[in-house]
Amino acid sequence: MEFFFGVMDNTELISGVFKVAEDNSCSIDVTLNGKTENIALTHKAVSDNALTFDGVMELENWDALDAVASINKACEALHTGKDGVSKTWSDVAVHAEVMLQKN
């Protein structure tokens with residue numbers, strides 16, 4: 001983790017604010033590397049009391065491509081395909097499952 005988070009600023013706490021708009025669209029503002037950006041989320045009810053949320057975090061939006069390059073270099077052998085190319089992607093899948101409780 002030092003090769004990824006150690007390259008960024010203020011990573012002791014990655015925080016976010018969940019948002020629901022009037023049209024029921026959902027998103028989350030995420031603060032990472034000293035920068036806050038928004039991730040659009042899709043949502044789906046999976047039962048009467050459970051929802052799932054999915055989105056994609058593009059690390060470039062948080063000025064974190066140096067961290068991607070750092071972890072790619074540290075893990076170069078593990079990330080090298082049969083074609084000899086070492087690749088680490090800069091997008092991160094975001095998934096949350098939320099259980100609801102009636103009061």
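Every value quoted in this text rests on a predicted model; they were computed, and no experiment measured them.
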Colleague: Does Glu60, at its CD atom, have more than 12 non-hydrogen atoms belonging to other residues, nucleotides or ligands within less than 6.0 Å?
Modeller: no

Colleague: Give the minimum heavy-atom separation between His95 and Asp54, together with the two atoms involved.
Modeller: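 In this case the closest contact between His95 and Asp54 is ND1-OD1, 2.6 Å.
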
Colleague: When you look at CG of Asp48, are more than 12 heavy atoms from neighbouring residues, nucleotides or ligands closer to it than 6.0 Å?
Modeller: no

Colleague: Quick check on the hydrophobic clustering: are Val17 and Met57 connected, directly or via other members, by side-chain heavy-atom contacts under 4.5 Å?
Modeller: no

Colleague: First locate atom CG of Asn61, then atom CG of Asp91, and finally report the distance between them rounded to the nearest 0.5 Å.
Modeller: 11.0 Å

Colleague: Write down the atom of Ser27, the atom of Ala40, and the distance for their closest heavy-atom approach.
Modeller: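 Scanning both residues, the minimum pair turns out to be CB-CA, 4.1 Å.
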
Colleague: Hydrophobic cluster membership, with links at side-chain heavy-atom distances under 4.5 Å among I/L/V/M/F/W/Y: are Ile39 and Trp89 in one?
Modeller: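 Hydrophobic grouping puts Ile39 apart from Trp89.
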
Colleague: Shortest non-hydrogen contact from Trp62 to Asn33?
Modeller: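 Closest pair (atom of Trp62, atom of Asn33, distance): O-ND2, 3.0 Å.
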
Colleague: Determine the minimum heavy-atom distance between Leu65 and Ser90, stating which atoms define it.
Modeller: CD2-CB, 3.7 Å

Colleague: Before giving the answer on side chain to side chain contact (heavy atoms under 4.5 Å, CB included), spell out for Glu97 and Met99 the whole-Å C-alpha distance, their side-chain angles and the decisive distance to 0.1 Å.
Modeller: CA-CA 7 Å; Glu97 298 180 23; Met99 302 296 293; over 6 Å; no

Colleague: Could you grab the distance from atom CG of Leu41 to atom CG of Asn38, nearest 0.5 Å is fine?
Modeller: 8.0 Å

Colleague: Between Phe53 and Ile28, does a side chain to side chain contact (heavy atoms under 4.5 Å, CB included) hold up when you go through it step by step?
Modeller: CA-CA 10 Å; Phe53 297 89; Ile28 187 169; over 6 Å; no

Colleague: Is there a continuous path of hydrophobic side-chain contacts, each under 4.5 Å between heavy atoms, that joins Val56 to Val30?
Modeller: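 No, because Val56 and Val30 fall into different hydrophobic clusters, even though each may have its own neighbours under 4.5 Å.
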
Colleague: Can you list every pair that meets salt bridge (charged side-chain N to carboxylate O under 4.0 Å, His left out) and has a residue in residues 23-40, with sequence neighbours left out?
Modeller: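 Matches after skipping sequence neighbours: Lys19-Asp29, Lys35-Glu37, Lys35-Asp63.
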
Colleague: Considering non-hydrogen atoms only, spot the tightest contact between Val20 and Cys26 and give its length.
Modeller: CG2-SG, 4.1 Å

